[in-house]
Asks: 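One structure is given below, represented as structure tokens, and several questions about it will come after.
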Amino acid sequence: MSARGAARLCLGLLSLGALFSLGGCAKQPQAEQPREIIVGFAQLGAESGWRVGNTADIERAAQRAHVQLMYKNADQRQDNQIKAIRSFIASQVDVIAFAPIVEEGWDNVLREAKEAGIPVLLTDRFIRTEDESLYAGFVGSNFLQEGQAAAQFLLQKTAGQNHVRILQITGTEDSTPMKQRQQGFEQTIAGDSRYEIFQTISGDFLRSKGKECMRNVLRETRDIGVLYSHNDAMTLGAIEAIEEAGLVPGEDIVIITVDGEQGAIDLLKQGKINCVVECTPLIGDVIMDLAKKLAAGEPIARITYSSERTFTEYDSDLQALPPRGY
Ligand code: GZL
């Protein structure tokens with residue numbers, strides 16, 4: 001029996017067993033029921049509220065779409081993601097979807113997927129490769145625009161100031177959001193001598209490291225005009241360090257963050273954060289729609305960007321915002 005057949009038999013027996021255990025007798029499946037596709041999804045970790053929300057949304061979307069999801073979490077390790085992809089190939093899933101933790105190092109395993117005839121969908125982050133045929137498409141955010149939106153708020157907030165010292169805390173090294181949020185931000189203020197990014201340090205998208213980075217910088221200097229942090233988790237940690245040092249976030253230090261987690265929006269409403277650039281993790285339904293197209297042999301767009309907004313202290317509708325869902 002092929003691996004695909006074994007995977008189906010296992011999933012089928014499990015669902016049949018569930019039916020009997022519930023006292024129900026297995027109804028004869030309607031002959032014309034379309035076969036449920038199997039998507040192997042290799043998530044990169046659970047490093048932030050954003051990531052946890054992303055995983056939950058994808059799992060809910062698979063149920064809504066009647067897609068069988070084989071889910072593996074790589075715990076922030078590329079080698080685990082590669083192993084997960086190899087296990088999906090062995091199980092002969094219909095589609096592989098994964099959020100590449102970093103951009104480099106995927107060619108070999110994606111070549112194996114291609115040779116196995118399994119289409120690959122990039123979710124949330126890009127890869128760098130010479131062979132564009134190794135993946136069918138990308139669904140996620142435009143991180144360059146997010147960096148530009150952060151800088152646009154900075155320009156508005158600091159208009160009239162002659163010298164602005166900026167601390168930048170970046171996300172995971174060599175990840176697409178880290179590279180493009182930095183590029184979009186820096187290119188927008190490039191050439192404007194009023195702005196000085198006096199330090200750029202990696203917080204790896206982790207709350208603990210965001211706190212550690214801010215605590216270490218505050219030991220060296222309190223002359224920090226603006227914090228530009230690549231995600232809310234690091235920002236929440238940095239705010240803890242700012243308050244421990246007796247400073248007032250959102251006033252003594254302007255805070256610009258990315259993601260749009262509920263926690264960050266709540267602090268925006270309290271005035272402790274000045275700008276939240278949205279990066280939605282709620283892309284599960286689009287992933288399932290694209291996966292079904294790929295499984296049916298249909299072409300998909302190379303890039304499907306989420307539509308996102310920016311929340312700032314200048315907005316009049318903050319109190320009316322619906323729950324964020326992550
Ligand atoms: C962005 C995503 C980033 C989030 C972080 O799409 O890859 O990873 O901004 C998460 O919160 O850790």
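Whatever order the structure lists them in is the order used to number ligands and atoms, beginning at 1. Everything quoted here is computed from the prediction, not taken from an experiment.
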Asks: Compute the centroid of each ring, for F41 and then for F98, and state whether the two points are separated by less than 6.0 Å.
Replies: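 No, ring centres 6.0 Å or more apart.
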
Asks: Quick one: look at E146 and ligand 1, take heavy-atom pairs under 4.0 Å, and tell me if it's side chain, backbone, both or neither.
Replies: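 Within the 4.0 Å criterion, E146 makes no contact with ligand 1.
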
Asks: Over 60° means perpendicular and under 30° means parallel, so tell me whether F185 and Y228 are parallel, tilted or perpendicular.
Replies: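 Plane angle under 30°, so parallel.
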
Asks: Give the numbers and elements of all ligand 1 atoms closer than 4.0 Å to a heavy atom of E47.
Replies: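 Result: 8 (O), 10 (C), 12 (O).
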
Asks: Atom 9 (O) of ligand 1: which protein heavy atom is closest, and how many Å away?
Replies: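 So the nearest neighbour among protein heavy atoms is D259 OD1, 2.6 Å.
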
Asks: Begin from the C-alpha positions of I256 and N274 and carry the test side chain to side chain contact (heavy atoms under 4.5 Å, CB included) through to its verdict.
Replies: CA-CA 6 Å; I256 303 172; N274 306 86; 5.6 Å; no

Asks: Heavy-atom pairs closer than 4.0 Å: do any link ligand 1 to the side chain of C279, the backbone, both, or neither?
Replies: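 For C279, the contact with ligand 1 is made by the side chain alone.
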
Asks: Considering only the protein, which heavy-atom contact is closest to atom 8 (O) of ligand 1, and what is its distance?
Replies: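 Ranking protein heavy atoms by distance from atom 8 (O) of ligand 1, first comes R125 NH2, 2.8 Å.
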
Asks: Is L294 reachable from M288 through a run of I, L, V, M, F, W or Y residues, each pair having side-chain heavy atoms under 4.5 Å apart?
Replies: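 Yes, one cluster joins them.
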
Asks: More than 12 non-hydrogen atoms from neighbouring residues, nucleotides or ligands closer than 6.0 Å to NZ on K157, yes or no?
Replies: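 For K157, atom NZ is crowded (more than 12 foreign heavy atoms under 6.0 Å).
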
Asks: In Å and rounded to the nearest 0.5 Å, what is the CG to NZ distance from D174 to K179?
Replies: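 Output value for this atom pair is 4.5 Å.
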
Asks: Based purely on interatomic distance, does E261 place a nitrogen or oxygen under 3.5 Å from a nitrogen or oxygen of ligand 1?
Replies: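 There is no such contact.
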
Asks: Can you find a side-chain donor-acceptor pair between S133 and D131 that sits under 3.5 Å?
Replies: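 Yes, a side-chain donor-acceptor pair sits under 3.5 Å.
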
Asks: With distance as the sole criterion, is a donor-acceptor pair present between the side chains of E186 and Q168 under 3.5 Å?
Replies: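 There is such a pair between these side chains.
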
Asks: Under 4.0 Å from any heavy atom of S48, which atoms of ligand 1 are there?
Replies: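 Result: 5 (C), 10 (C), 11 (O), 12 (O).
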
Asks: So, regarding S141 and ligand 1 (criterion: nitrogen or oxygen to nitrogen or oxygen, under 3.5 Å), is there a contact or not?
Replies: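 For ligand 1, there is no N or O atom that lies under 3.5 Å from one belonging to S141.
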
Asks: Need the ligand 1 atom indices (1-based, order shown) with element for anything under 4.0 Å from a heavy-atom of N231.
Replies: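 It comes down to these atoms of ligand 1: 5 (C), 9 (O), 11 (O).
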
Asks: As an exercise, identify every atom of ligand 1 less than 4.0 angstrom from a heavy atom of P177.
Replies: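 Atoms satisfying the 4.0 Å criterion: 7 (O).
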
Asks: Quick one: does D124 get within less than 4.0 Å of ligand 1, heavy atoms only?
Replies: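 It does, in that a heavy atom of D124 comes within the 4.0 Å cut-off of ligand 1.
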
Asks: Using non-hydrogen atoms of the residue, decide whether R181 is closer than 4.0 angstrom to ligand 1.
Replies: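 Yes, R181 has a heavy atom closer than 4.0 Å to ligand 1.
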
